[in-house]
Number of protein chains: 2
Amino acid sequence: MKPTIYDVAREASVSIATVSKVINNTGRISDKTRKKVLEVMEQLHYQPSVVASALTGKRTYTIGLLIPDLANPFFAEIARYVEDRGNEMGFSLVMCSTDNNSKKEEKYISLLRQKSVDGIILASGFTNDKILKELNKEKFPLALISQDISGLSVDSVTVDDFLAGYQATEHLLTLNHKKIAVIAENSRSSKERIRGYREALQDAKLDYDDNLIVISDSMSDTGKQLADQLLELSDRPTAIICCNNLLAIGAIHSAREKGLILPDELSITGFDDTILATAVEPPLTTVKQPIREMSYQVMDLLIQKIEGKTSTKQKRVLVPKLIIRKSTKALKQ
Amino acid sequence: MKPTIYDVAREASVSIATVSKVINNTGRISDKTRKKVLEVMEQLHYQPSVVASALTGKRTYTIGLLIPDLANPFFAEIARYVEDRGNEMGFSLVMCSTDNNSKKEEKYISLLRQKSVDGIILASGFTNDKILKELNKEKFPLALISQDISGLSVDSVTVDDFLAGYQATEHLLTLNHKKIAVIAENSRSSKERIRGYREALQDAKLDYDDNLIVISDSMSDTGKQLADQLLELSDRPTAIICCNNLLAIGAIHSAREKGLILPDELSITGFDDTILATAVEPPLTTVKQPIREMSYQVMDLLIQKIEGKTSTKQKRVLVPKLIIRKSTKALKQ
DNA sequence: GTGAAAGCGCTAACAT
DNA sequence: ATGTTAGCGCTTTCAC
């Protein structure tokens with residue numbers, strides 16, 4: 001059996017209280033006994049049980065991370081950085097892929113609560129507002145990344161999606177593109193990006209054409225199908241803004257299948273800048289979200305919440321950055 | 001405060017023992033009281049605490065997954081499937097990215113044990129044999145995926161790497177390639193793949209040339225650098241086998257930088273068949289590991305171990321499958 | 001069928 | 001400076 005605090009106490013000829021104190025560096029212990037206890041702990045390979053300690057009101061030092069899909073590189077990267085930061089701060093991460101499914105979200109949240117996680121991070125795509133409100137009302141430590149729920153007082157770190165949309169569009173505009181299409185997800189961030197797109201068009205005195213916007217309304221719509229639609233338009237767009245890299249890859253496949261030369265005959269931009277961006281050919285021009293920075297910040301925000309040393313709710317908005325690669329090119333006039 | 005079993009008991013006018021019994025479906029409870037208790041639980045939104053229940057000797061229903069890097073799509077996909085299977089079976093997953101670093105491995109394992117996880121899954125790249133042996137000796141539930149440690153009696157599910165190497169080489173041989181290089185990782189699976197490669201050469205009565213094998217000995221060597229080396233050889237290879245998709249992408253970049261046309265002037269194959277394989281251009285010919293199947297099987301193996309209904313150790317070896325795409329082409333004679 | 005009580009490994013008052 | 005003790009929320013004998 002694994003040794004318990006009693007084993008250590010007996011072996012070191014002290015009480016369990018004393019052992020507890022040296023474990024937690026609380027109370028006043030003489031150097032001599034501290035040394036003795038430490039020795040015994042070492043020798044017995046004693047590891048305090050966080051289960052037991054959690055039961056007495058302490059933390060579990062575990063947090064839950066809900067994302068739509070761990071197999072999506074964007075979320076995998078978020079998860080990796082959240083994990084790293086958590087690890088630095090002494091917290092473990094339990095993974096929950098929800099597939100944007102309300103039922104799964106609900107189930108996972110309930111599970112996490114049964115396991116007494118100290119807090120939960122919700123990533124882009126969390127759809128179940130009701131649960132969110134409940135958690136929030138109970139003052140359960142919560143933080144959002146890559147998503148914010150307006151009208152809800154939660155900590156969040158997001159990127160300025162409006163600006164991101166604007167930047168992508170402006171870049172294309174600079175390259176003389178006039179017919180710029182958008183492939184969006186059915187999400188708040190996509191909506192913001194579309195807003196940015198419209199504003200950029202407006203600033204350039206260009207008309208907005210509804211037909212150039214396609215929104216993937218389910219997980220099964222692929223970027224390729226959506227791009228197919230767009231590229232079959234009689235007066236096809238010369239550039240497509242894709243709201244994530246997966247969609248962009250689909251668009252590239254579609255274009256290639258139709259024999260279009262990239263980027264000469266069609267410019268494509270993505271968002272997020274994951275590992276996929278440089279893997280494809282041509283390497284994608286994308287608006288980068290500072291994934292690492294964002295991930296570190298949510299973790300920090302959440303931990304502040306957990307430790308109760310947060311005064312007010314924080315909504316941090318980071319700025320996206322246009323990374324120009326080779327999937328966009330000036331349109332010949 | 002969250003309601004406890006006492007609250008439910010009081011509200012339902014029964015003892016906590018009774019409540020416990022209805023929660024766990026143990027003992028004999030009359031339908032009437034069961035119904036009453038269930039009602040109260042519902043009404044109070046009562047959720048049993050797994051922390052408390054774990055302390056009384058039950059499971060935590062949590063398992064640890066150690067992988068080198070969650071941001072690597074191959075491991076992210078493993079993690080996703082392991083998570084899914086675990087979730088089906090009622091287990092949560094805590095993520096641990098080790099960066100192939102012995103110290104981190106050790107730290108994470110120790111952490112997982114403090115948290116009383118029910119078992120641990122180790123993925124390819126686990127280097128710390130000592131810990132492994134210790135865990136194994138203590139009969140701690142353990143299972144390996146995409147890696148096996150010979151001479152150690154642990155459950156594992158792997159792919160036949162020797163065969164995989166053979167298949168990739170044979171494919172290239174069929175396409176008339178004679179100078180086939182290999183970019184390998186410093187891992188057991190790569191070594192096996194190289195063995196398969198040698199055997200295929202031998203079967204084709206071709207000589208083995210040591211100079212055509214490069215092994216990435218650190219995480220920082222990129223596929224591109226390694227491929228650069230190879231492609232600068234006076235008598236450069238006409239095909240390169242890359243031991244994972246990341247390396248293959250690097251090789252593609254290197255080739256392109258040198259102005260080589262793919263696959264006409266250079267054939268490239270990868271392994272693993274992650275999302276990256278179809279993202280790149282040309283789409284990669286790779287030897288596919290059945291990631292989903294493997295992940296489900298480790299989880300099942302581990303759960304068997306945890307529930308103690310496993311008699312003997314199992315080493316499952318699945319068979320890889322060559323997926324021919326467009327990164328390989330017959331060599332003009 | 002149901003309940004009383006001991007105990008899981010630990011923390012934190014409170015004594016000493 | 002150290003020890004005693006009462007819980008934390010639950011499971012599990014063992015009575016009744």
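Keep in mind the model is a prediction, meaning the values are calculated, not measured. Letters go in sequence order (proteins before strands), and every chain restarts at 1.
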### Query
Within a strict 4.5 Å, meaning less than it, do heavy atoms of the A:N128 and A:K103 side chains meet?
no

### Query
Expressed in angstrom and rounded to an integer, what is the separation of A:K21 atom NZ from D:dT2 atom P?
9 Å

### Task
Using a heavy-atom cut-off of under 4.0 Å over every strand shown, decide if B:S20 touches base, sugar-phosphate, or nothing.
base

### Options D:dT2, D:dA1, D:dC10, nucleotide nearest the side-chain atoms of B:A52
D:dC10

### Message
So A:R113 and A:F140, do their side chains get closer than 4.5 Å, heavy atoms only?
### Response
yes

### Query
Rounded to whole angstrom units, what separation is found between the CG atom of B:L55 and the P atom of D:dT12?
13 Å

### Summary
Residues at least two apart in sequence or cross-chain that pass side-chain contact (heavy atoms from CB on, under 4.5 Å) with B:V40, listed by chain then number, are B:V8, B:E11, B:A12, B:K36, B:L44

### Query
Using a cut-off of 4.0 Å on non-hydrogen atoms, how would the nucleic acid contact of A:T33 be classed: base, sugar-phosphate, or nothing?
sugar-phosphate

### Query
Taking for each residue the nucleotide of DNA chain D bearing the nearest heavy atom, is the 5' side occupied by B:I5 or by A:D31?
A:D31

#### Entry: Exceeds 12 heavy-atom contacts within 6.0 angstrom, atom CD of A:E88
yes

### Message
Closest approach to the side chain of A:A17, judged atom by atom: which nucleotide of D:dT4, D:dT11, D:dC10 is it?
### Response
D:dT4

### Query
Atom NZ of A:K32 to atom C1' of D:dA1: distance rounded to whole Å?
12 Å

#### Entry: Protein-nucleotide distance (A:Y6, atom OH; D:dT5, atom C1'), rounded to Å
10 Å

### Query
Atom CD1 of A:I16 and atom C1' of D:dG3: how far apart are they, to the nearest Å?
9 Å

### Task
Using the six-membered ring wherever Trp is involved, compare the ring planes of B:Y296 and B:Y81 and label them parallel, tilted or perpendicular (cut-offs 30° and 60°).
perpendicular

### Query
How would you list, by chain and number, every residue that makes a ring pair (Phe, Tyr, Trp, His ring centres under 6.0 Å) with A:F126, sequence neighbours excluded?
none

### Comparing A:V51 and B:I29 on DNA chain C - which has the more 5′ nearest nucleotide
B:I29

### Task
Evaluate the side-chain proximity of A:L132 to A:L152: yes if any heavy-atom separation is below 4.5 Å, no if none is.
yes

### Euclidean distance, atom CZ of residue B:R10 to atom P of D:dC10 [Å, nearest integer]
12 Å

#### Entry: Heavy-atom contact window of chain B on DNA chain C, given 5' to 3' at under 4.0 Å
C:dG1 to C:dG9

### Task
Let me know the distance between CZ of A:R34 and C1' of D:dT2, rounded to the nearest Å.
13 Å

### Query
For A:V14, which contact category applies under a 4.0 Å heavy-atom criterion: base, sugar-phosphate, or nothing?
sugar-phosphate

